[in-house]
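The structure under discussion appears below in the form of structure tokens.
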Amino acid sequence: MTKEGKNNNFYETFKSCFLLNIFQNFFSMGYILLQAWFFSNMVSYAMQYQYNLVIQCSVYLVILTSIYFGANILLKNKIDMLNEISYQVFREKIVRLFFMQPRKKVWQFSPGEIRKNIDLDAKKVADYHCIVLPIMISNSLFVLVTLYLFV
């Protein structure tokens, strides 16, 4: 496999992991908004003594929750698998960068220290790029949409 193939595979993995995390965050936010809407409808129907509509909203809420948890489990499994792949790719890049240092600097570390440092660095980088960054972007977009709706 050429270098370009490895880079394309890395970017494809990163892009799919990033997009799935953003989709999961928006999916969760949409579920929360729908849940709040159903609860507000249930309260307004209860205040108007329309109990059949309260029961109907509660059934819809149970169905919505079941669908949400089922889809969330499937998304979580896919995201965990892509996060592990991204972690391995980042680890490979960090190993390559570590051993490109001058030989004198590499020999200062024991093999256990090298492995521990590489694993920690790769985990930090993969967590930031594949988990923290999508959450920050989707939350900032959610805040902007909320501000737009209030204005």
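Just so it is clear, the structure is predicted and the values come from calculations on it, not from any experiment.
- The hydrophobic cluster containing L74, built from Ile/Leu/Val/Met/Phe/Trp/Tyr side-chain heavy atoms closer than 4.5 Å, comprises no other residue.
- For S58, the side chain to side chain donor-acceptor pair (under 3.5 Å) test picks out no residue, with sequence neighbours left out.
- The hydrophobic cluster analysis finds I73 isolated: no Ile, Leu, Val, Met, Phe, Trp or Tyr side chain comes under 4.5 Å of it, directly or through other members.
- Residues L64 and Q35 approach most closely at CD2-N, 4.2 Å, considering heavy atoms.
- For the side chain to side chain donor-acceptor pair (under 3.5 Å) test, no residue two or more places apart in sequence or in another chain qualifies with N21.
- Shown here are the side chain to side chain contact (heavy atoms under 4.5 Å, CB included) partners of L19, two or more places apart in sequence or in another chain: K15.
- Within the structure, every pair that satisfies the salt bridge (charged side-chain N to carboxylate O under 4.0 Å, His left out) test and touches residues 58-77, not counting sequence neighbours, is listed here: K76-D80.
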Donor-acceptor pairs under 3.5 angstrom involving side-chain atoms of residues 41-56: please list them, not counting sequence neighbours.
{"residue": "S44", "atom": "OG", "partner": "S40", "partner atom": "O", "Å": "3.3"}
{"residue": "S44", "atom": "OG", "partner": "N41", "partner atom": "O", "Å": "2.9"}
{"residue": "Q56", "atom": "NE2", "partner": "Y60", "partner atom": "OH", "Å": "3.2"}

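- Here the straight-line distance linking atom CG of N25 with atom CE of M29 works out to 5.5 Å at 0.5 Å rounding.
- Under the side chain to side chain donor-acceptor pair (under 3.5 Å) criterion, S16 pairs with no residue, sequence neighbours left out.
- Remark: Y31 pairs with Y68 by the ring-ring contact (aromatic ring centres under 6.0 Å, His included) rule, at least two apart or across chains.
- I63 is linked by a side chain to side chain contact (heavy atoms under 4.5 Å, CB included) to V59, I67, counting only residues two or more places apart in sequence or in another chain.
- Cluster membership check: V62 does not share its hydrophobic cluster with W37, using side-chain heavy-atom separations under 4.5 Å among Ile, Leu, Val, Met, Phe, Trp and Tyr.
- Listed by first and then second residue, the salt bridge (charged side-chain N to carboxylate O under 4.0 Å, His left out) pairs involving residues 41-53 amount to none (not counting sequence neighbours).
- The structure places CG of L61 at 8.5 Å from SG of C57, a figure rounded to the nearest 0.5 Å.
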